[in-house]
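Below is one structure, written out as structure tokens; the observations come after it.
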Amino acid sequence: MNQDREQLSEEHAAFVAELRHWREVAGYSQKALAGLVGYTPSYISKVEGGTIVPSRDFAESADRGLKAGQALIRRWRDLHAAAQAHPAPTQRRPEAAVADPQTAPGTALVVEHEHAELTLADGVYRTRVRRLLRNVGTEPVTRYLVRVAVDRYPGDPERSNQLYRSDPLTWEEINLTAQCAGEPMAWTIMHDRDAFKEVWLQFENQDGRFPLYPGEERWIEYVYTVSAHKWGPWWQRAIRLPTRRLSLSLTLPADLDPVAWGTETSMTAEPSAFRTPITRDSDGDSVTFTWATTEPPLHTRFRIAWRFKAANAKEDQVDTLAPSDQMQQIGIVQEGDPVLTTETRRFDLPAESEDARRVIAQLSSTMERAAQVHEFAKGMGIAAPQIGISRNASLVRTPDGQVITLLNARVIAETPDTDEQYEGCLSFFDVRGMVPRPRGIEVEHQDVDGTTRITAFTGGVARLVQHEIDHVYGILYRAKMRDGVSPIPVSQYKGTGKAWSQ
């Protein structure tokens, strides 16, 4: 009987870990996931807290909504088999499923400083994390939870899941090592999954124990490696404990001509650009991007993404496809779909703020995928209809990396002077069309909390914004071209990689 109970507890913890992983990959809070799958936030809280066994319908709905590629369904089947063997413990709270299990009850940790470094060399990404931990609780800390997670294709978890099922992350390639104030730290496995691992770093080794006692602070450091073909072009640091300072360093080979940008998000806020710029330094063989912040809010996620501009830097065969096929492969709706020529529905804000955040998150992840397969020197944009969602939402990324979020947007004023330049559209990317537009516009739009704003845009950014606002009203740029003028094949277009002419 005890063995059956342990089996159930382990399978329940495995399901919870899998659910939390995919929820974090998708950027959903428990409340947002509840709205997606048709369950209450309380139900999801109880599932993740280990007090109830999830239903098959919930597992299937969550797997479908989070695009987990059957991973949640497989975990549910294992859990269901264990529950059938011994149903009584379904009301027990598995120890491994307790929320935020960083320390034992009565302890509390503060991260005085986290410095994280990521380096690519010889086809391997190496992560080194140093944290200065301070125990502000009443009990000694004897262990610390660390997660290693990968997502090769950000925003397309089904594709990532397929990769890791056939070629899972292994302990051998991770080669995890850890130390505390110079002392090696032992570690034990908490979860071992295809795309993520969780371990307890122990404040002990074969020579002795060195707990972190109340009032003490100490540096810990851990290092792990992942081969490049399993590591996506992004790196994320999540603020799980109160943190005083966070600093990041990303080092990439200079011959790949890397560019990088940062995005900040949380479970309750839409993605936005870093509030301060990333610093770029080159020493000839490598390029290092650095960034830091102080007092980051709890549960915030800071993501650095990058792409390689060098011709020899492509890692996928997707670049051998026609441009429109590339975009279709990463989830962009293509011309001919009625959603592209239908006026979208506005959000009722702030009542539909969770829906708005979810759509913006999906747009952001799709935009990241597009940036991996094409150079957008003029900036880029994407609207909700282009990912099959008929809502008035769009994103614009300017040439300098600023991200503009547009909800319920409409143009309310235009300058009389216009210019005519080539545009491309992700929904028919094999051609470029010469489109006349006003040089300046004023746009009325809303924040996710319902605040209405009027923003003026000029030059190339005005063109990007007009293009995306046209999309939410069912208008493609072909309709804006002069009579008798047709788009040209992209092979004839000479402006790729060049900024807008002014």
Side-chain angles (χ1 to χ4, degrees), residues 9-10 12-13 16-17 20-21 24 29-30 45 48-51 92-117 127-149 174 176-192 196-224 236-249 266-268 292-302:
S9 179
E10 290 175 2
H12 201 157
V16 169
R20 285 178 173 168
H21 170 70
E24 288 196 3
S29 63
Q30 290 183 346
S45 177
E48 293 196 359
T51 59
R92 295 175 67 245
R93 185 182 183 91
E95 180 183 353
V98 176
D100 300 325
Q102 288 286 1
T103 60
T107 61
L109 286 175
V110 169
V111 180
E112 294 292 344
H113 186 187
E114 173 180 329
H115 179 67
E117 302 171 357
T127 299
R128 175 176 177 261
V129 178
R130 297 186 72 237
R131 289 195 181 102
L132 178 58
L133 300 179
R134 181 161 58 92
N135 185 348
V136 296
T138 59
E139 299 292 333
V141 175
T142 58
R143 61 182 185 173
Y144 184 82
L145 184 65
V146 166
R147 165 179 280 206
V148 177
I174 289 174
L176 177 67
T177 60
Q179 62 176 340
C180 173
E183 282 283 346
M185 300 179 75
W187 51 271
T188 57
I189 296 173
M190 180 177 177
H191 290 119
D192 182 0
F196 69 95
K197 314 292 186 189
E198 287 183 331
V199 302
W200 287 111
L201 299 185
Q202 306 288 346
F203 286 79
E204 62 179 74
N205 56 34
Q206 61 182 1
D207 297 323
R209 298 182 177 184
F210 35 90
L212 181 63
Y213 288 100
E216 292 184 342
E217 66 179 30
R218 206 174 299 156
W219 283 98
I220 68 167
E221 174 182 315
Y222 59 92
V223 178
Y224 61 88
Q236 179 172 280
R237 309 309 303 162
I239 306 301
R240 305 182 190 280
L241 293 172
T243 300
R244 303 293 180 239
R245 179 175 173 79
L246 171 70
S247 55
L248 308 176
S249 172
S266 72
M267 292 298 187
T268 58
T293 187
T294 57
E295 302 294 342
L298 200 61
H299 306 306
T300 305
R301 290 174 172 79
F302 298 97

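Start at 1 with the first residue, then count along the sequence. Heavy atoms only: backbone and side chains are in, while hydrogens, waters and symmetry mates are out.
- Taking CH2 of W187 as the start and CG of L145 as the end, the distance is 13.0 Å to the nearest 0.5 Å.
- One finds the CZ atom of R147 at 6.5 Å from the NE2 atom of H21 (value rounded to the nearest 0.5 Å).
- Considering only residues two or more places apart in sequence or on other chains, E114 meets the side-chain contact (heavy atoms from CB on, under 4.5 Å) condition with V111, A116, V129, R131, R237, L246.
- Separation of atoms CG (L212) and OG1 (T142) is listed at 10.0 Å; rounding is to 0.5 Å.
- For the salt bridge (charged side-chain N to carboxylate O under 4.0 Å, His left out) test, residues two or more places apart in sequence or in another chain that qualify with R244 are E295.
- Minimum interatomic distance between A17 and F196 (heavy atoms only, all atoms of both residues): O-CZ, 3.6 Å.
- The side-chain contact (heavy atoms from CB on, under 4.5 Å) test applied to E204 returns Q202, R209, not counting sequence neighbours.
- The closest side-chain donor-acceptor pair between S247 and H113 falls under 3.5 angstrom.
- For N205, the side-chain contact (heavy atoms from CB on, under 4.5 Å) partners two or more places apart in sequence, or in a different chain, are E183, P184, D207, F210.
- Nearest heavy atom pair, residue P242 against residue L298, reads N-CD1, 3.5 Å.
- Here the side chains of M190 and V199 are not in contact, with every heavy-atom distance at 4.5 Å or above.
- With values rounded to the nearest 0.5 angstrom, M185 atom CE is found 11.0 Å from E221 atom CD.
- Considering every non-hydrogen atom in both N135 and P214, the closest pair reads ND2-N, 3.4 Å.
- A distance of 4.0 Å separates CD of E112 from CZ of R134, quoted to the nearest 0.5 Å.
- Of the inter-residue distances, the one linking L133 atom CG with W219 atom CH2 reads 9.0 Å to the nearest 0.5 angstrom.
- Applying the salt bridge (charged side-chain N to carboxylate O under 4.0 Å, His left out) criterion to E217, with sequence neighbours excluded, gives no partner residue.
- The shortest side-chain heavy-atom distance between L241 and Y144 falls under the 4.5 Å cut-off.
- E216 pairs by the salt bridge (charged side-chain N to carboxylate O under 4.0 Å, His left out) definition with R218, not counting sequence neighbours.
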